[in-house]
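Not measured: the values here are computed from a predicted model. All values below were derived from every heavy atom in this structure, side-chain atoms included, with hydrogens, water molecules and symmetry-related copies excluded.
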Amino acid sequence: MSKEQVSTAEYRDEIAEADAAIIDAIAMRMEIADELAKAKKASGQGVWDDKVEQAIVARYRGLVSEVSLSAAEAEKIAHVILEISKARQTRIYEGKA
């Protein structure tokens, strides 16, 4: 195997490890959000708050200031995660989770 092929394989292995860490982190975040949804439901709060969502998106934009992601990329990531979280929280509120 050439040096270039080994390097490519190593990069792919690193990406696979990063992907696993991302999934673990998102799963942990969703578990916390599920518990938050249960607490909000028990206390009579609404399922979603647009101001909180805006603050989360802003937090994601701020988190990328020292890494190699743009604010626009961070915003896309935040919206995907929030979409999943909203769906899960809605299921909890509807008693389907």
request  = Answer yes if V52 and V80 sit in the same cluster of Ile, Leu, Val, Met, Phe, Trp and Tyr residues linked by side chain heavy atoms under 4.5 Å apart, and no otherwise.
outcome  = yes

Side-chain heavy atoms of V64 within contact of I77, under 4.5 Å = no

ask   = Distance from S68 atom OG to E73 atom CD, nearest 0.5 Å?
value = 8.0 Å

ask   = Can you name the nearest heavy-atom pair linking M30 to I81, along with the distance?
value = CE-O, 3.4 Å

inquiry  = Assess whether a salt bridge exists between E35 and K38, defined as any Lys/Arg side-chain N lying under 4.0 Å from an Asp/Glu carboxylate O.
reply    = yes

request  = Output all residues satisfying side-chain contact (heavy atoms from CB on, under 4.5 Å) with E75, sequence neighbours left out; order by chain, then residue number.
outcome  = V57, R61, H79

ask   = When hydrophobic residues are tied together by side-chain contacts of less than 4.5 Å, even through go-betweens, does I26 share a cluster with V67?
value = yes

task = Test I32 against L36 for side-chain contact (heavy atoms from CB on, under 4.5 Å), laying out the working first.
result = CA-CA 6 Å; I32 295 166; L36 173 62; 5.6 Å; no

Nearest heavy atoms of L82 and I56, plus distance in Å = CD2-CD1, 3.8 Å

note = Value for CD (E17) from CD1 (I15), rounded to nearest 0.5 Å, stands at 11.0 Å

ask   = For I23, what are the other residues in its hydrophobic cluster, where any two members join if their side-chain heavy atoms are less than 4.5 angstrom apart?
value = none

Ignoring hydrogens and angles, write down the donor-acceptor pairs under 3.5 Å from the side chains of residues 88-97, residues two or more places apart or on other chains.
| unit_1 | atom_1 | unit_2 | atom_2 | d |
| --- | --- | --- | --- | --- |
| R88 | NE | D34 | OD1 | 3.1 |
| R88 | NH2 | D34 | OD2 | 2.4 |
| Q89 | OE1 | K40 | NZ | 2.9 |
| Q89 | NE2 | S85 | OG | 3.0 |
| T90 | OG1 | K86 | O | 2.8 |
| Y93 | OH | K41 | N | 3.1 |
| Y93 | OH | Q45 | O | 2.8 |
| Y93 | OH | G46 | O | 3.2 |

